[in-house]
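Values below: every heavy atom of this structure, side chains too, minus hydrogens, waters and symmetry copies. Remember, predicted model here, so these are calculated numbers, not experimental data.
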Amino acid sequence: MTTMTMPLDLVRDSIALRVGELEDRLPEPLRPLAAVAYNYRWSWTPGAIDVFMAVDPGRWEAVGANPVRLLVEASRSSLEAAAADADLVARIEALAAELAHDLDRPSMDGFDPTTPVTFLCAEFGIHESMPLYSGGLGVLAGDILKEASDLALPMLAVGLFYRNGYFQQRLDATGWQVESWQETDPELSPIVPLVRDGEQVTLTVPIRGVEADAQAWVVQVGRVPLLLLDTDLPQNSPAVRWTTARLYDGNNDVRLAQYVTLGIGAVRLLDRLEVQPALLHMNEGHAALAAAELIAQRVAAGENYDDARDAIRDRCVFTTHTPVAAGNETYPPEELLAALPGLGDRMGIGSTGLLNLGRIQPGDPREPAGMTPMAMRLARNTNGVAERHGQVARGMWQPLFGGDEADVPIGHVTNGVHLPTWMGNEFRTLLDRHLGDGWWRRADDPEVWAPVADIPAAELWEARSLARSSLVGWAREVAAKDRLRRGDSLEWAELGMNGLAEDALTLGFARRVAGYKRLYLLTRDVDRMARLMAGDRPVQLLIAGKAHPKDDGAKAMVRELFANRGNPELAERVFFLEDYDIEIGRRLTAGCDVWVNVPRPPLEASGTSGMKVVLNGGLNLSVLDGWWAEGYESTEWGPNGWGIDGSVSDDHGRQDHEHATALYDLLEQQVVPHFYDHDADGVPQAWVTMMRASLMTLGPQFCASRMMHDYVRQVY
């Protein structure tokens, strides 16, 4: 097996200990499933979920789609029945063999597996059963690890193990968001302690001037080890133990301690593992202190700061993900120095020099400092996540670099999504039939998608209808449960069951709830929206999203939806699905006919949900911002969706009015007629033509394979 020697040996041996413990619980024919359960590659392997569900039917949902917990908690009778099922045992053996074959493939040409790309990020969205993510940044990071595994790109990732993850969302009877947290039990999850010589690997991190202990865990994502640092150790103080408790804690001191643990801790962990990465990829500013620590190490070894900085800059790359101020946090000088005492001295630049690294205008003692400027100054390459975002970032950060905006050294690699994760069964089955064996491994090649032109319209429409039907069946039950949990009447809950129709045009709107996402535009003209929803050509809308616990303005936007619950047309056609997570996102993007996105331009850096909809034959109706600014086009097959003007305006009230009007106009005059105008065979030909154009033009352009090849060629 191709390895990175020390780190992969430790990962393999550490996982083997837990796999062995799980095997001892299982009947012999089921034991190969233990290794599958401890590697998240199962989550994007066709048929794997069906195998786990067959082991103990009906229990998969109860354990939160967690395969380790399923196998630990399954009844003895269920395990013995599964072990006696020859067909199931054969499927298990095939899964285990496929995993072993995947791990044994040689690495991508040009990359040394002993010096992996090391990817640092504050959150990772691998699967809903491992809640280490809050939204798009983490889900994208998860897709990067999965695609790196598929491409056999040597990669090692480092993050934090948040015992309580991100919050769970419930809405009260008024629609106000209420948060709660649930602790992850590592004994019942696909996460294992990283062990060397029988002892868990630990290190120290300097939290507010005190060397605190951190332990290392590993989650295996195909071929990529995801190492997670955790300060919840009994020898640490309660405050230090809390450092890694929750993702994006609202306390500035805690967040800065998290950035210390992620950045400085990652470097020290790599040292412990004797890993010399080919480069460090800092995914957003949270990881910037990794570069600072590397400089401090070289200065301690006798180099001067300038030489050390230049050497480290050559090994670091940085991706910025947002033009929104809240995503580029800054801190008062005294607050930052209190979190990082002595770091400037260790780097050879003193406290003032450290602060200047994080300032747009070095030398201004009043200016706060942040991680994003520091990361940009200490990286050889900075990229945005869409073509337009690259342009916006150059304008935004021009004061940092000086000179003309066009000369600002910020490029772009447009995001993409991991096809095996986000393409639902309906379209995967259809395209497997028409595109040939292993087509998904070459998904960034437009020629691979060329046969879509010859798929009969009736087959495309059938796949779309089946995907919508699957979503509606699931959403009916979820909507009813959400309403009953809030204490709503049985009549109101029944609207959740009966209001959704399998053959109605289904719109989706799901994303982090923030002001610039403008959820409120959907019901800005309540009467017009109600007429649209309840006409003889009905429309239904599924909404999901979480507001940050401290963002009362965003919470108010969610509650405003509930102010319309007295309108019967909207009550029967608009549904808010609570506790938005990867599972809900996967179901919505697979089943919705149209994905609606109305951010205030130019604040949408990229967005990826609409890309996932493309893979499932859905269409996009979006403001021309983020990825859609380069994705929306008219091709030889016709338009592949609908666009709303993406010009920047300082008159937000007027822009809101114009964009809401454009949204309603497009829905009434184009979207609804195209969807419902069927030919004699029951196929909406104009709609299917757009589906075909969307799949053929956007499929290869916005898959993670194209994204990762761009990173390899342009950045790595």
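Taking W439 as the reference, W449 meet the ring pair (Phe, Tyr, Trp, His ring centres under 6.0 Å) condition, with sequence neighbours excluded. By the side chain to side chain donor-acceptor pair (under 3.5 Å) test, E303 pairs with R298, sequence neighbours left out. Taking the salt bridge (Lys or Arg N to Asp or Glu O under 4.0 Å) definition, one finds that D102 meets it with R41, R105, sequence neighbours left out. Checked against ring pair (Phe, Tyr, Trp, His ring centres under 6.0 Å), H321 has no partners two or more places apart in sequence or in another chain. Residues meeting the side chain to side chain donor-acceptor pair (under 3.5 Å) test with W44, sequence neighbours left out: D150. Residues satisfying the salt bridge (Lys or Arg N to Asp or Glu O under 4.0 Å) test with D253, not counting sequence neighbours, are R208. Partners of W595 under the ring pair (Phe, Tyr, Trp, His ring centres under 6.0 Å) rule, at least two apart in sequence or in another chain, do not exist in this structure.
Taking the side chain as every heavy atom from C-beta outward, W397 and T372 approach each other to under 4.5 Å. Here the side chains of V385 and V413 are not in contact, with every heavy-atom distance at 4.5 Å or above. You'll find the side chain of H709 stays beyond 4.5 Å of the side chain of Y711, heavy atoms only.
Between the side chains of T589 and S609, not a single donor N or O lies within less than 3.5 Å of an accepting N or O. No side-chain N or O of N381 forms a donor-acceptor pair with one of Q714 less than 3.5 Å apart. The closest side-chain donor-acceptor pair between T421 and K146 falls under 3.5 angstrom. Under 3.5 Å, the side chains of S129 and N66 contain no donor-acceptor pair of N or O atoms. Side-chain contact annotation: W422 with D143, donor-acceptor N/O pair under 3.5 Å present.
Under the 30°/60° scheme for interplanar angles, the aromatic rings of Y248 and H286 are found to be tilted.
Residue pairs meeting the salt bridge (Lys or Arg N to Asp or Glu O under 4.0 Å) criterion with at least one partner in residues 128-140, sequence neighbours excluded, are E128-R586. Applying the ring pair (Phe, Tyr, Trp, His ring centres under 6.0 Å) test to residues at least two apart or on different chains, none of the pairs has a partner in residues 132-160. Residue pairs satisfying the salt bridge (Lys or Arg N to Asp or Glu O under 4.0 Å) criterion with at least one member in residues 371-393, sequence neighbours excluded, are listed as follows: R388-D625.
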Checking H281 against Y716 for the ring-ring contact (aromatic ring centres under 6.0 Å, His included) test, could you report, in this order, the C-alpha distance in whole Å, the side-chain angles of both residues, the deciding distance, and whether it holds? CA-CA 9 Å; H281 185 164; Y716 296 167; 5.6 Å; yes
Output, in order, the C-alpha distance, side-chain angles, deciding distance and verdict of side chain to side chain contact (heavy atoms under 4.5 Å, CB included) for L194 and L10. CA-CA 7 Å; L194 193 62; L10 287 182; 4.1 Å; yes
Counting only pairs under 3.5 Å, give me each side-chain donor-acceptor contact of residues 154-167, with atom names and distances, residues two or more places apart or in other chains.
| unit_1 | atom_1 | unit_2 | atom_2 | d |
| --- | --- | --- | --- | --- |
| Y162 | OH | A122 | O | 2.6 |
| R163 | NE | D230 | OD2 | 3.2 |
| R163 | NH2 | D230 | OD2 | 2.8 |

Using a 3.5 Å cut-off and no angle test, enumerate the donor-acceptor pairs between side-chain atoms of residues 254-270 and protein atoms at least two apart in sequence or in another chain.
| unit_1 | atom_1 | unit_2 | atom_2 | d |
| --- | --- | --- | --- | --- |
| R255 | NE | E329 | OE1 | 2.8 |
| R255 | NH1 | D249 | O | 2.7 |
| R255 | NH1 | G250 | O | 3.4 |
| R255 | NH2 | N252 | OD1 | 2.6 |
| R255 | NH2 | E329 | OE1 | 3.1 |
| Q258 | NE2 | T243 | O | 2.9 |
| Q258 | NE2 | R246 | O | 2.7 |
| Y259 | OH | E329 | OE2 | 2.8 |
| T261 | OG1 | A257 | O | 2.8 |
| R268 | NE | E293 | OE2 | 3.4 |
| R268 | NH1 | T204 | O | 2.9 |
| R268 | NH1 | T204 | OG1 | 3.4 |
| R268 | NH1 | E211 | OE1 | 2.8 |

